[in-house]
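Some notes on the structure that comes next.
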Amino acid sequence: MERQIRDQLNDPSSMETHGTYYNPNDELSDETMLIRMNYGARNQLGGMVRKDAFGEINIHTFQVTIIDSGF
């Protein structure tokens, strides 16, 4: 998930991940779980901003699909 988000940033080297969260009781019907990653990165003006990205992770393959990158 980090790599997918980092590729979309104005300054990828400024990315700091503050935490990735999931609730194992929230398993969806297609064997995926909702995950949230809180991160910070520099915007176009150089200011540091914090955002949340949301995705689904397959519980067997660990492949992540980004639902909302926070942009």
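Numbers here are sequence positions counted from 1. Since the model is a prediction, treat every value here as computed from it, not as a measurement.
- Here CG of N38 is found 11.5 Å from NZ of K51. Values are rounded to the nearest 0.5 Å.
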Check your understanding: Could you walk me through whether L34 and N23 pass the side chain to side chain contact (heavy atoms under 4.5 Å, CB included) check?
Key -> CA-CA 8 Å; L34 186 65; N23 182 344; over 6 Å; no

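- Using a 4.5 Å cut-off on side-chain heavy atoms (C-beta onward), E16 and M48 make contact.
- No side-chain donor-acceptor contact under 3.5 Å links T65 and E56.
- No chain of hydrophobic side-chain contacts below 4.5 Å, direct or via other Ile, Leu, Val, Met, Phe, Trp or Tyr residues, connects Y21 to I67.
- Among all heavy-atom pairs drawn from I66 and S69, the shortest one is CG2-N, 3.8 Å.
- With rounding to the nearest 0.5 angstrom, the CD1 atom of I57 is 5.0 Å from the CD1 atom of I35.
- No side-chain donor-acceptor contact under 3.5 Å links E2 to the backbone of M37.
- There is a path of hydrophobic side-chain contacts, each under 4.5 Å, that joins M33 to F62.
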Exercise for review: Determine, stepwise, if the pair L9 / M15 fulfils side chain to side chain contact (heavy atoms under 4.5 Å, CB included).
Suggested key: CA-CA 8 Å; L9 297 174; M15 183 178 178; 3.8 Å; yes

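- In this structure, a donor-acceptor pair under 3.5 Å is absent between the side chains of N10 and R42.
- F54 and I59 fall into different hydrophobic clusters, defined by Ile, Leu, Val, Met, Phe, Trp and Tyr side-chain heavy atoms under 4.5 Å apart, directly or through other members.
- Y39 and A53 get closest at one heavy-atom pair: CE2-CB, 3.9 Å.
- Rounding to the nearest 0.5 Å places OG1 of T32 at 10.0 Å from NE2 of H60.
- Once rounded to the nearest 0.5 Å, the distance linking OG1 of T17 with CE of M1 reads 9.5 Å.
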